[in-house]
Every structure is written in C-alpha cells, then in structure tokens.
K.L.:
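Dropping the structure in here first, questions after.
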Amino acid sequence: MAKYLVTGAAGFIGRSIAAALIARGDSVRGIDNFLSGKRQNLIGLEEMEFREGDLRKYATCASVCRGVDTIFHEAALVSVPQSVADPITANAICVDATLNLLEAARETGVRRVVFAGSSAAYGDSETLPKHEAMLPNPISPYASAKLAGENYMRVYARIYGLETVVLRYFNVFGPYQDPTSHYSGVMAIFCRKMLAGEQITIFGDGEQSRDFTYIEDVVLANLLAASAPADKIAGQVMNLATGGRVTLNEIFETLSSLTGYKGTPEYAPPRSGDIRHSLADICLARELIGYQPTIDLQEGLRRTVAWYRAAGI
Ligand code: UD1
C-alpha cells in the first residue's frame with residue numbers, strides 16, 4: 001500500500017488532508033514541529049503515524065521520507081505580516097525546509113511531492129483573473145519564499161525526475177483554521193471574534209478582495225494531484241481556488257448575518273505586504289487534474305461558522 005507523508009500535519013490544511021487519507025483507508029505519516037500547528041488538531045487522526053520534528057534539519061527529513069511514496073508538503077510559515085516581521089525565519093521554514101525535504105525525497109526514492117504554493121506569488125499585478133502564465137511578482141518575504149519553494153519543485157522535476165506538482169492556494173478557509181493569533185487568516189479571526197461579540201478590525205478600506213476557497217475543495221485538489229498521471233502534472237504549477245472573489249466588507253456582511261453580530265468593523269491602515277485583489281483563473285487545474293470546486297462561498301461560510309460555534313474556540 002502506498003504510504004503518504006503529510007508535513008504540517010497538525011496545521012489546518014495538513015490535518016485536513018491527513019483526515020481525508022485516513023478516511024479512505026490510506027496509510028499516513030505526519031510531521032509537525034508545533035510552531036503554528038496545534039496538538040488538538042491531531043485528535044481524530046490517531047491512525048496516523050505521527051512524528052514531532054523540524055524539517056529545517058536534513059536528518060529529520062531523511063528519516064521521515066523513508067518508505068514514503070507521496071508527500072503533501074503543507075508545513076510553512078503562512079502569514080504575510082509574520083514574514084514581514086521575521087523574514088529570516090520565513091525563509092528557513094518555507095525555503096530551507098522545502099529544499100531539505102526535496103533532497104531527502106530524492107535520496108529515499110519518494111515518487112511524488114504535492115506542494116502548497118501561494119497566490120501571493122502573483123503580487124499586486126492589476127490583471128485579473130491571475131493565471132499561471134503571468135510573471136510572478138512577489139511583494140512580501142512570504143511570497144518570495146513560497147515562490148522559491150515552487151522553483152525548487154520545478155527544478156527537482158526537471159533535473160532529478162521527481163514528480164513534483166505545485167498547487168497555488170488562494171485564501172483557504174474552513175474548520176480547524178487557527179483563529180487565535182493576530183497572524184491567523186482573516187476568516188478564522190472574524191468567525192471567532194464575531195461569535196464572541198468582540199471588535200473586529202479591517203485593515204484598509206475593506207474593498208480588497210480575495211478568492212476564498214473552502215478547505216474541502218483544497219483537500220479534493222490535493223488528492224487529484226496525487227493520483228493524476230505523471231505526464232500531466234510533473235513539474236507543473238497550477239492555481240487552486242474557486243474563480244470568484246469577494247471583498248472583506250462583503251464577507252463582514254455575510255458573517256454578521258450568520259453569526260448574529262451586531263457590531264461594526266474598526267478600520268485601520270492597510271498592512272504592509274498586503275495585496276489588493278486576488279482572483280484565480282482555474283482552467284489549468286481543471287485541465288490537468290480534473291479539479292472543479294464543489295462548495296460555494298455561502299455554504300463554506302455556513303459550515304465554517306457552525307464549526308467554530310460548536311468548537312467554542
Ligand atoms: C492568505 C494566507 C496565505 C496564503 C494566501 C494565498 C493566512 C494567514 N494567509 O494570505 O498563507 O498563501 O492567502 O492567497 O492564511 N485582514 C483584516 N483583518 C484581520 C486580518 C486580516 O482586515 O483581522 C485583511 C488583511 O489585511 C488582508 C485580508 O484580510 O487584506 C486577508 O488577510 P489574510 O487572511 O492574512 O490572508 P492573505 O494575506 O491574503
């Protein structure tokens with residue numbers, strides 16, 4: 001039976017991929033250093049062989065890759081402002097660790113690596129929707145580091161024949177996203193604060209927009225990328241999103257009605273490194289892996305609010 005490795009397995013996206021693999025009966029190993037991952041995210045994943053460790057150490061990568069067929073590389077420092085505050089750590093986590101993992105994968109005979117890329121690679125280009133043929137234009141340390149990881153993926157496919165594939169995520173949201181740090185994703189922060197009746201802050205005028213993608217579709221695309229024929233995906237980079245966008249002000253309105261929030265947002269200056277608009281062209285993922293989003297924004301938000309309400313975080 002093929003063995004899967006999920007890095008960042010105690011994080012939001014990693015644990016969701018691991019849960020889906022376990023649910024279909026696959027054999028899964030997970031690794032996390034708990035820098036941003038949470039131990040409670042491992043609840044329900046008891047069938048996973050879990051290792052606590054840091055991919056910035058090559059020996060850890062070599063040991064965790066042994067016997068693995070396919071890797072889902074989700075471990076990262078995921079916050080743009082956090083990368084602005086500490087670019088060296090962002091680079092170590094997103095670039096050094098990724099190169100270590102690729103080299104260990106090559107050395108131990110791993111067949112495929114599915115990598116969590118980021119739409120941040122496109123930066124602030126005016127063109128919408130963003131498509132893969134556009135020149136990257138990173139505007140934060142986070143975006144540069146994620147793009148470097150992508151480039152290593154392509155090089156390892158080309159030079160060493162590793163079947164690497166990059167999914168450029170656009171603002172993923174849903175159950176298990178950590179809402180407790182000011183570096184957390186906006187949906188998680190808003191859901192938690194609005195359910196608790198706390199003040200929320202919108203950075204900028206709230207007219208910035210994002211292509212918010214529900215976690216279940218991200219998991220789906222990862223599974224498709226893991227099983228697609230090598231000649232279709234090896235060395236490829238593709239957007240993973242919905243092909244629709246919504247402003248933060250609109251999100252606020254929808255979440256107000258779903259949570260019963262009565263407050264108004266406080267507006268603060270935009271964050272440094274923030275991009276204005278984000279919208280994906282998802283044709284390539286449709287063509288290469290047969291991806292089609294299944295959960296629309298309204299339904300995703302409804303499920304997400306229900307989850308935070310039940311979790312009581
Ligand atoms: C997000 C992801 C990043 C991913 C990228 C892909 C997180 C933490 N970041 O970056 O990993 O690669 O999408 O598109 O998941 N905002 C507020 N109030 C808040 C928090 C945020 O107004 O309390 C604003 C931000 O200034 C920004 C927008 O909401 O304009 C989205 O911010 P955030 O959720 O941090 O995501 P991105 O920076 O888009």
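Everything numeric here is computed off the predicted structure, so don't read it as measured data. Just so you know, ligand 1 is whichever comes first in the structure, and atom 1 is the first atom listed for that ligand.
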K.L.:
Could you tell me if R39 sits above the aromatic ring of F34, with its cationic atom closer than 6.0 Å to the ring centre and no more than 45 degrees from the axis?
P.N.:
yes

K.L.:
Do NZ/NE/NH1/NH2 and the carboxylate oxygens of R276 and D205 come within less than 4.0 Å?
P.N.:
yes

K.L.:
Check this for me - ligand 1, R210, N or O atoms closer than 3.5 angstrom, yes or no?
P.N.:
yes

K.L.:
Can you list the ligand 1 atoms lying under 4.0 Å from a non-hydrogen atom of Q208?
P.N.:
30 (O)

K.L.:
Give the residue, atom name and distance (to 0.1 Å) of the protein heavy atom nearest atom 18 (N) of ligand 1.
P.N.:
T201 O, 2.8 Å

K.L.:
Would you indicate whether R158, at its atom CZ, is surrounded by more than 12 heavy atoms from other residues, nucleotides or ligands within a distance under 6.0 Å?
P.N.:
no

K.L.:
Looking only at protein heavy atoms, identify the closest one to atom 8 (C) of ligand 1 and say how far it is in Å.
P.N.:
Y183 O, 3.4 Å

K.L.:
Quick check: S278 and ligand 1, any N/O pair under 3.5 Å apart?
P.N.:
no

K.L.:
At a non-hydrogen distance cut-off of under 4.0 Å, which region of L248 contacts ligand 1 (side chain, backbone, both, or neither)?
P.N.:
side chain

K.L.:
Between Y291 and M238, does a side chain to side chain contact (heavy atoms under 4.5 Å, CB included) hold up when you go through it step by step?
P.N.:
CA-CA 11 Å; Y291 165 75; M238 68 196 85; over 6 Å; no

K.L.:
Quick one: look up the protein heavy atom nearest atom 1 (C) of ligand 1 and list residue, atom name and how far away it is.
P.N.:
N171 ND2, 3.5 Å

K.L.:
Going by an N to O cut-off under 4.0 Å, is there a salt bridge joining D281 and R168?
P.N.:
no

K.L.:
Which part of S184 is near ligand 1, with near meaning a heavy atom under 4.0 Å away: side chain, backbone, both or neither?
P.N.:
backbone

K.L.:
Taking V114 as the fixed residue, which of T164, I17, V165, L224 is the one that meets the side chain to side chain contact (heavy atoms under 4.5 Å, CB included) rule?
P.N.:
V165

K.L.:
Could you tell me whether V80 approaches ligand 1 through its side chain, its backbone, both or neither, with non-hydrogen atoms closer than 4.0 Å?
P.N.:
side chain

K.L.:
With nothing but distance in play, are any N or O atoms of V186 less than 3.5 Å from an N or O of ligand 1?
P.N.:
yes

K.L.:
Heavy atom to atom 27 (C) of ligand 1, shortest distance: which of D274, L240, I200 holds it?
P.N.:
D274

K.L.:
For ligand 1, indicate whether the residue Y142 contacts it via side chain, backbone, both or neither (heavy-atom separation under 4.0 Å).
P.N.:
side chain

K.L.:
Can you find an N/O atom of F203 closer than 3.5 Å to an N/O atom of ligand 1?
P.N.:
yes

K.L.:
Quick one: look up the protein heavy atom nearest atom 5 (C) of ligand 1 and list residue, atom name and how far away it is.
P.N.:
S118 OG, 3.8 Å

K.L.:
More than 12 heavy atoms of other residues, nucleotides or ligands under 6.0 Å from CZ of R106: is that the case?
P.N.:
yes

K.L.:
Under a 4.0 Å threshold between the charged nitrogen and the carboxylate oxygen, would E163 count as salt-bridged to R112?
P.N.:
yes

K.L.:
Identify the closest protein heavy atom to atom 35 (O) of ligand 1: which residue and atom is it, and at what distance?
P.N.:
R271 NH1, 3.3 Å

K.L.:
Checking S278 against D211: is there a side-chain donor and acceptor pair closer than 3.5 Å?
P.N.:
no

K.L.:
One thing to verify: whether R56 and D96 come together as a salt bridge, which I'm taking to mean a side-chain N less than 4.0 angstrom from a carboxylate O.
P.N.:
no

K.L.:
Name the residue from F173, Y176, F12 that meets the ring pair (Phe, Tyr, Trp, His ring centres under 6.0 Å) definition with W307.
P.N.:
Y176

K.L.:
In sequence, state the C-alpha distance, the side-chain angles, and the governing distance for Y308 and F190, and then conclude on side chain to side chain contact (heavy atoms under 4.5 Å, CB included).
P.N.:
CA-CA 11 Å; Y308 284 111; F190 280 12; over 6 Å; no

K.L.:
Distance to 0.1 Å, residue and atom name: give those for the protein heavy atom nearest to atom 2 (C) of ligand 1.
P.N.:
V78 O, 3.9 Å

K.L.:
Looking only at distance, does S119 have an N or O less than 3.5 Å from an N or O of ligand 1?
P.N.:
yes

K.L.:
For ligand 1, which atoms sit closer than 4.0 Å to a heavy atom of Y169?
P.N.:
6 (C), 14 (O)

K.L.:
Under 4.0 Å from any heavy atom of I202, which atoms of ligand 1 are there?
P.N.:
22 (O)

